[in-house]
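Single-structure report; data block below.
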Amino acid sequence: MHYFEYKDNELWCEEVPVKAIAREVGTPFYLYSARTFTRHFNAYRDAFKKRPHLVAYAVKSNSNLAVLNLLAGLGAGADIVSGGELFRALEAGIPAERIVYSGVGKTRDEITAALEAGILLFNVESPGELEVISEIARKMDKRARISFRVNPDVDPKTHPYISTGLSKNKFGLSMDQAFDAYLRASRDSALEVVGIDCHIGSQLTDISPFKDAFDRIKLLVNRLESEGIRLSHIDIGGGLGIRYNDEDPPLPEDYARPILEAMEDMPHTLIVEPGRSISGNAGILVTSVLYTKTTDTKEFYVVDAAMNDLARPSLYQAYHDIQPVEKKARGTATVDIVGPICETGDFLARDRAVQELRPGELLAVMSAGAYGFTMSSNYNSRPRAAEVMVRDDRFQVVRERETYRDLIKGEHIL
Ligand SMILES: *Cc1c(COP(=O)(O)O)cnc(C)c1O
């Protein structure tokens, strides 16, 4: 569900025509719907309202300050994976006690900053990391709250680059490793063992892997209890998929049901770390056609957005629905929609049937709110796109388009 809809054959975001924004801001730009973010966040809140829980939004999916601030106001926490994301989350007003910190490569500086801020907990991913956190906490005269990220070894059946819960992936500890690590951590006075965490992958469209992962975690929770180690938090990660094309992903309430059932007799606070399912369909990328071009075998629409703006098609062969901002009574063309970058991999869509378009006309790349702007780069010295947010009948630039000056910021000639 989202609030990008056609009225009289023109694409609107909530109460604002997309074309009007393009006229003022130029293209390409990311466009976010505050109402859609709110709806998606509230779906999680409602799904889990029967028990103590925290929705820790995965900042890496879309980390714009306006997005984080909007979610903070709705009661969201944050799942962060870097010191930069910690900084953003705090700047946006997400309280430290609602922040969980995941990731396999936390540096000493990042750990120190997180301890100083007083985050809810670290999701620890290796024995080496545990030692470093303990050492730093002791030096700071603090107790670090920790969970271990376990790897339940279930196959999420998603793209291999975004599956994380298999034993061959770099994430987390195996169940046996984790058990030993819990015993060690529980004897360490600089650590407070509070929870257990997993995150098995992204864009999952089936509930059963979540349920399998939860069952395995529950076994370990029970085994730890028999050793006298009582946890207060269980974190089941993120990963719920969205509709890009013809997927039929479960709703947060369908996803919640088996977890709530399995936790009926458990007192733990549940943490979820959704990213894509909150931000994905809350954003689009708006781009203009620069040229239409025909070769012997193909027709191309060259547009002003490229793989540096939206990497997912090139990186994961991901499908994004592409729609004209104005629907016209014209034929359909089957085209490759490509950007200006000097790489054959620079495409937004291949062999796609779209309404015939002319230079200067606008396209909307749908479902681009997650892993869109956050994965964008300056490749080919392209300034990163503007980000705009609509709320009801108003829009605001929430990140200015980069300038050429921004491109060389911090560079020095020898
Ligand atoms: C990326 C990530 C998430 C969010 O995943 P989505 O598929 O966007 O919901 C949650 N937790 C961790 C640890 C992650 O790395």
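Indexing begins at 1, ligand by ligand and atom by atom, following the structure's order. Numbers here simply count residues along the sequence, with the first being 1.
The distance criterion of under 3.5 Å between nitrogen or oxygen atoms is met by G275 with respect to ligand 1. Note: no N/O pair closer than 3.5 Å links S277 and ligand 1 by distance alone. Checked against a 3.5 angstrom limit, the closest N/O atoms of G239 and ligand 1 fall inside it. Residue R276 places at least one N or O, backbone or side chain, under 3.5 Å from an N or O of ligand 1.
Exactly one residue among D197, I196, V272 makes a side-chain contact (heavy atoms from CB on, under 4.5 Å) with D235. That residue is D197.
Among H199, K60, E125, the residue whose heavy atom lies nearest to atom 1 (C) of ligand 1 is K60.
Residue pairs meeting the salt bridge (charged side-chain N to carboxylate O under 4.0 Å, His left out) criterion with at least one member in residues 107-135, sequence neighbours excluded: K106-E129, R108-E135, E125-R149, E135-K139.
The G238 neighbourhood of ligand 1 comprises atoms 9 (O), 10 (C), with distances under 4.0 Å to a heavy atom of that residue. Listed by number with element, the atoms of ligand 1 under 4.0 Å from a non-hydrogen atom of S102 are 13 (C). Taking a cut-off of under 4.0 Å to the non-hydrogen atoms of R149, the atoms of ligand 1 that pass are 13 (C). For ligand 1, the atoms closer than 4.0 angstrom to any heavy atom of P274 are 9 (O). Distances below 4.0 Å separate heavy atoms of Y371 from the following atoms of ligand 1: 1 (C), 4 (C), 5 (O), 6 (P), 8 (O).
Side chains of E273 and N123: a donor on one and an acceptor on the other come within 3.5 Å. Defined by atom type and a distance below 3.5 Å, a donor-acceptor pair is missing between the side-chain atoms of T205 and E247. Counted by atom type alone, N281 and S367 present one or more donor-acceptor pairs between their side chains at under 3.5 Å. S61 and Y57 share a side-chain donor-acceptor pair at under 3.5 Å. Side-chain contact check for S63 and T374: no donor-acceptor pair (N or O, by modelled atom type) lies under 3.5 Å.
The main-chain N or O of I119 is found under 3.5 Å from a side-chain atom of R145 such that the two form a donor-acceptor pair.
Electrostatic pairing of R257 and D254 counts as a salt bridge here, judged by a charged N lying under 4.0 Å from a carboxylate O.
Of the protein's heavy atoms, D79 OD2, 3.3 Å lies nearest to atom 12 (C) of ligand 1. Atom 11 (N) of ligand 1 has as its closest protein heavy atom E273 OE1, 2.6 Å.
Under 4.0 Å from ligand 1, heavy atoms of S202 appear from its side chain as well as its backbone.
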